[in-house]
Amino acid sequence: MKKYVCTVCNWIYDPAVGDPDSGIAPGTPFEAIPDEWACPLCGVTKEDFELVAATDVGPVVAARRARPDTWRGRPTFETLCARATRWIF
């Protein structure tokens, strides 16, 4: 199955995993996701996703797993607070 990456935050939609938090069941291809769906990490729409070449997925996934400022591919509370502080000041 084809994987897609968010061009804003680099979150990868993997059809094998889906997006259960948003009601997208595992096994759902990206093309079958409703147009109203948004990236669970940054909130952009499907238009901001690009197809990932099979060779590109490994290093990106490994890098995302190695980041200490994320949990299950999502920013931690501390990371969100730090980002909000940058936006405010």
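We use all heavy atoms of the structure for the numbers below, so side chains are in, but hydrogens, waters and symmetry mates are not. Position 1 is the first residue of the sequence; numbering continues from there.
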Have a look at K3 and tell me which of D14, V17, L51 forms a side chain to side chain contact (heavy atoms under 4.5 Å, CB included) with it.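 It is D14; the other options fail the test.
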SG on C39 to NZ on K46, rounded to 0.5 Å: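 One finds 13.0 Å between NZ of K46 and SG of C39.
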Measure the spacing between OG of S22 and CD1 of I33 and express it to the nearest 0.5 Å.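 One gets 9.0 Å once the value is rounded to the nearest 0.5 Å.
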List for me each residue that meets ring pair (Phe, Tyr, Trp, His ring centres under 6.0 Å) alongside F30, sequence neighbours excluded, and say none if there are none.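 Result, ring pair (Phe, Tyr, Trp, His ring centres under 6.0 Å) vs F30: Y4, Y13, F49.
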Heavy-atom neighbours of E31 CD exceed 12 at 6.0 Å: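 Atom CD in E31 is crowded, with more than 12 foreign heavy atoms closer than 6.0 Å.
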I need the minimum non-hydrogen distance between G27 and P29, along with the two atoms involved.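 Of all heavy-atom pairs spanning G27 and P29, the closest is O-CD, 3.3 Å.
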C6 versus C42, closest heavy-atom pair with distance: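 Minimum heavy-atom contact is SG-SG, 3.6 Å.
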Is the shortest heavy-atom distance from the side chain of D35 to the side chain of T45 under 4.5 Å?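 No. Closest side-chain heavy atoms not under 4.5 Å.
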Test item: D21 and P40 side chains (from C-beta on) under 4.5 Å apart, heavy atoms: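 Side-chain contact under 4.5 Å: no.
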Can you hop from L41 to W37 via hydrophobic side chains spaced under 4.5 Å?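 Linked, L41 and W37 end up in one cluster.
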